[in-house]
Amino acid sequence: MSFALVDCNNFYVSCERVFDPGLEGRPVVVLSNNDGCIIARSNEAKALGLPMGAPVFRYRRVIRQHGVAVFSSNYALYGDMSQRVMSTLQAAVPEVEAYSIDEAFLHLAPALRTPAFARDLRERVWRWTGIPTSIGLGPTKTLAKIANRFAKRHAPHGVCCLTARNADALLARVPVEDVWGIGPRYAARLQAHGLRTARDLRDADDRWIRQHLTVVGLRTVWELRGRSCLPLEQVRPPRKAILCSRSFGTPQRDLAGIREAVTAFAARVGEKLRRQGSVAAVVSVFLTTKDHGPGPSYSNRATTTLSIPTSYTPDLIRAAHAGLERIYRPGFVYRKAGVMVTGIQPAPDRQGDLFAAPPAPEQSALMDTIDAINRRWGRGTLCFGASGLDRPWQMNQQRRSPRFTTRWNELPVAGT
DNA sequence: TCTGGGGTCCTAGGACCC
DNA sequence: TCTGGGGTCCTAGGACCC
């Protein structure tokens with residue numbers, strides 16, 4: 001057992017509960033951006049049959065009937081709580097990979113590969129952060145994932161160890177579509193070929209897997225056999241693409257409104273770029289009417305290559321606007337747009353342009369100042385005028401809880 | 001009326017070069 | 001009658017993850 005997977009239970013719901021204990025024992029759901037879909041559910045909400053990813057408007061009745069508590073997503077809160085969980089883990093174990101906002105892989109030294117250690121760790125995270133977790137232990141990441149699934153569903157103390165002795169029995173109980181790395185398409189292909197459980201997949205023929213599931217699927221099979229192919233990645237490599245996109249709170253017809261949104265997206269992309277110390281050479285902008293009903297639809301994207309890679313927001317905005325002018329067609333009702341940058345490189349060894357003037361040093365000083373102010377006082381304290389003031393395109397978030405841990409004026413109050 | 005957002009990796013195929 | 005071969009880079013599309 002070398003790997004542990006620590007997974008926060010119903011993470012977003014658990015975060016809401018930390019600051020409102022009255023939610024304990026009640027059905028609670030958290031919605032996606034724009035209050036569209038259900039993306040987190042308490043156990044009580046799962047028991048009511050509210051599905052993951054379902055559009056919330058279809059379940060209004062159930063929600064009202066059972067008094068389900070509904071929250072807009074509050075990423076400022078969840079991100080901060082996630083950091084607290086991660087630093088608790090890092091205080092206990094040197095090798096931690098923060099895999100997602102609510103999951104971490106740990107590499108365990110031989111002395112720590114015990115259920116007792118996992119139970120203690122779980123207890124510690126609970127006491128220090130208020131977040132309940134489940135922990136799975138296994139010889140590979142994929143097997144630790146499977147152990148975690150059992151920990152969550154069947155283990156009384158939220159801990160499960162997959163060992164050479166119980167592997168066969170556990171894998172036989174896992175449907176193949178629940179294996180990490182097997183999505184709906186691969187699952188259908190495997191089932192059609194008679195492979196239904198994780199154990200079937202483990203014992204499948206390498207050549208067939210390689211041919212139908214590529215090397216990625218083959219790695220999964222090897223991991224199921226106990227051969228570790230996916231190492232612990234403690235340092236996140238810098239992103240190769242950075243994207244900001246949103247569905248509009250109100251659908252937009254006119255170029256002006258869309259241009260405002262695209263301005264804000266480009267500014268956000270600039271922030272993310274600078275935070276990881278990078279510059280980007282390529283700016284793409286996309287626009288879509290995509291809807292779930294009939295009616296005329298149109299989607300397009302435009303890509304602009306910059307002469308000098310940059311993270312300077314006005315340059316990104318200019319490129320995004322230019323792209324938008326090229327793809328905008330009047331007469332459609334647009335629902336979503338986005339800005340993406342690629343061709344990302346570290347800022348220091350940026351490739352210069354032989355024929356263009358180097359960027360003025362004031363540019364980075366200005367960006368640093370804006371970033372510092374927005375970090376201190378909250379995102380959007382300072383923003384670019386071209387992103388507009390009314391912002392009808394901005395997403396709906398009618399039920400967001402306060403940003404308890406990241407805004408001074410939204411701190412929880414103990415007594416009055 | 002109302003269906004999220006942000007990433008990764010792999011493969012195939014075309015353009016281009018020598 | 002009968003098209004060279006091998007390498008690299010880029011893009012689009014498909015699959016997956018949370």
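Note that the coordinates shown come from a computational prediction; the quantities given were computed from them, not determined experimentally. Values below: all heavy atoms of this structure, side chains included; hydrogens, waters and symmetry mates excluded. Letters A, B, ... mirror the listed sequences (proteins, then strands); counts begin at 1.
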Mind checking if A:Arg268 touches a base, just sugar-phosphate, or nothing, with heavy atoms under 4.0 Å?
nothing
Base, sugar-phosphate or nothing for A:Ile182? Non-hydrogen atoms, less than 4.0 Å.
sugar-phosphate
Using a 4.0 Å heavy-atom cut-off across all strands, classify A:Asn34 as base, sugar-phosphate, or nothing.
nothing
C:dC18 versus B:dC2 - spacing of their C1' atoms, nearest Å
24 Å
Between CG of A:Leu218 and SG of A:Cys229, what distance do you get to the nearest 0.5 Å?
8.0 Å
Contact class for A:Val282 vs. all strands (heavy atom < 4.0 Å): base, sugar-phosphate, or nothing?
nothing
Does atom CZ of A:Arg275 have more than 12 heavy-atom neighbours, drawn from other residues, nucleotides or ligands, at distances under 6.0 Å?
no
What does A:Asp35 touch in the nucleic acid at a heavy-atom separation under 4.0 angstrom: a base, only the sugar-phosphate, or nothing?
nothing
Looking at A:Asp35, A:Val13, A:Leu23, which hits side-chain contact (heavy atoms from CB on, under 4.5 Å) with A:Phe71?
A:Leu23
Is it the case that A:Arg219 and A:Thr142 place a side-chain donor and acceptor less than 3.5 Å from each other?
no
Would you classify A:Ile242 as touching base, sugar-phosphate or nothing, given that sugar-phosphate means primed atoms plus P, OP1 and OP2, and contacts are heavy atoms under 4.0 Å?
sugar-phosphate
Under 3.5 Å, is there a donor-acceptor pair between the A:Asn300 and A:Tyr298 side chains?
yes
Does A:Arg407 have more than 12 heavy atoms from other residues, nucleotides or ligands lying within 6.0 Å of its CZ?
yes
Among side-chain atoms of A:Gln191 and A:Tyr186, is any donor-acceptor pair under 3.5 angstrom?
no
5'-most contact on DNA chain B (nearest-nucleotide basis), A:Arg335 vs A:Val216, goes to A:Arg335
I need the A:Arg391 CZ to A:Trp393 CH2 distance, nearest 0.5 Å.
4.5 Å
CZ of A:Arg399: more than 12 outside heavy atoms within 6.0 angstrom?
no
Decide whether A:Ser387 and A:Thr263 meet the rule of one side-chain donor and one side-chain acceptor closer than 3.5 Å.
no
Five-pair end axes of the helix from B:dG5-C:dC18 to B:dC18-C:dG5 and the angle they enclose, rounded to 10°
10°
When all nucleic acid strands are considered with a 4.0 Å heavy-atom cut-off, which category describes A:Arg189: base, sugar-phosphate, or nothing?
sugar-phosphate
Considering only heavy atoms, which members of residues 224-240 of chain A lie under 4.0 Å from some atom of DNA chain B?
A:Arg239, A:Lys240
Under 4.0 Å from a heavy atom of chain A: give me the 5'-most and 3'-most nucleotides of DNA chain C that qualify.
C:dA15 to C:dC18
Note: for A:Arg210 and A:Pro251 on DNA chain B, the residue whose nearest nucleotide lies more 5' is A:Pro251
Does any donor atom in the side chain of A:Gln90 or A:Ser87 lie under 3.5 Å from an acceptor atom in the other side chain?
no
